[in-house]
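Notes to accompany the following structure.
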Amino acid sequence: MGRGRVTLKRIENKINRQVTFSKRRSGLLKKAHEISVLCEADVALIVFSTKGKLCEYASDASMESILERYDRLSYAERQLNAGTDHQTRENWSLEHSKQKARIEVLEKNKRHLMGEDLDSLSLKELQNCEQQLDTALRRLRLRKNQLMLETISYLQKKDKALQDQNNVLSKEVKEKEKELLPEPQPQAQTHDNIGTLNHGEMYQAQAGGGGGGGNVDMEETRRQDQALPVMPHWMLQYIKQFHTSMNESSKTVNNL
């Protein structure tokens with residue numbers, strides 16, 4: 001089984017801590033020697049134990065020369081960073097001054113365009129402000145007209161779409177009304193036909209009671225019946241009552 005991951009924290013047991021320090025120090029010195037030999041690097045290693053004991057290692061060069069070289073390079077780097085920081089601060093200060101002046105000019109122009117602080121302006125500067133305002137007004141009117149035309153076009157398209165939708169809905173409503181209309185009842189038509197036949201029979205009875213010219217009257221009545229249209233029920237009842245009264249009157253005349 002392989003070794004598990006060691007949690008990097010302080011070892012509480014003093015004996016274990018001292019043993020671990022000795023082992024890790026030997027390994028660190030070995031690694032420093034290997035990197036100096038394999039890579040021809042100047043390596044200086046300084047380690048102080050918990051009790052203050054010094055442990056050091058230097059490659060072929062002496063410890064003093066390596067430390068001197070370190071001090072020289074670190075000082076040059078600090079100076080370079082300091083110069084860079086100073087130059088950066090100067091650049092930022094100059095940029096801040098430029099931006100501040102630019103903001104002041106813009107705010108001044110804004111006040112002039114709003115009609116404020118005009119006393120300090122000359123005639124030429126006032127004319128320039130007027131031209132700027134005229135140009136801005138032309139652009140505003142152009143944009144306004146463009147938006148109005150686009151809105152009108154959109155509303156026209158929407159109106160056309162609504163009209164088409166209304167036409168479709170009207171057609172659907174008409175079709176539904178046709179489907180919901182009641183069909184003609186055959187019983188009522190049969191009743192009307194019966195009433196028409198009764199009407200023809202009454203004419204035939206009346207014609208038969210009139211004497212010898214009955215056949216001619218029957219033919220005439222039949223032709224008239226064929227020419228008569230189909231009448232409603234209430235009209236047939238009225239005609240039936242009328243012919244009944246006429247037959248009774250003719251019978252009374254014959255008896256006299």
Once rounded to the nearest 0.5 Å, what's the spacing between atom [atom1] of [X] and atom [atom2] of [Y]?
X	Y	atom1	atom2	value
Asn16	Lys14	CG	NZ	13.0 Å
Arg17	Thr50	CZ	OG1	6.0 Å
Arg25	Leu45	CZ	CG	10.5 Å
Ile46	Tyr57	CD1	OH	13.5 Å
Lys110	Ile103	NZ	CD1	12.5 Å
Met148	Gln146	CE	CD	12.5 Å

Which residues pass the salt bridge (charged side-chain N to carboxylate O under 4.0 Å, His left out) test with [X], not counting sequence neighbours?
X	answer
Glu107	none
Arg143	none
Arg111	Asp117

I'd like to check [X] versus [Y] (side-chain heavy atoms, cut-off strictly below 4.5 Å). Are they in contact?
X	Y	result
Lys30	Leu28	no
Glu130	Asp134	yes
Lys53	Phe48	no
Gln165	Leu162	yes
Lys100	Glu104	yes

Glu95 and Gln99: side chain donor to acceptor below 3.5 Å: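 Gln99 and Glu95 do have a side-chain donor-acceptor pair below 3.5 Å.
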Polar contact flag, side-chain donor to acceptor under 3.5 angstrom, Asn167-Gln163: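 No, no side-chain donor-acceptor contact under 3.5 Å.
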Can a donor-acceptor pair be found, under 3.5 Å and without considering hydrogens, that links the side chain of [X] to the backbone of [Y]?
X	Y	answer
Ser153	Leu149	no
Ser36	Glu40	no
Ser59	Val43	yes
Asp159	Leu155	no

Criterion salt bridge (Lys or Arg N to Asp or Glu O under 4.0 Å) on Glu12 and Arg10, from CA distance to verdict: CA-CA 6 Å; Glu12 299 297 334; Arg10 182 175 178 272; 3.3 Å; yes
State yes or no: do [X] and [Y] share one hydrophobic cluster built from I, L, V, M, F, W and Y residues joined by side-chain heavy-atom distances below 4.5 Å, directly or via other members?
X	Y	result
Val19	Phe21	no
Leu106	Leu113	no
Ile35	Val37	no

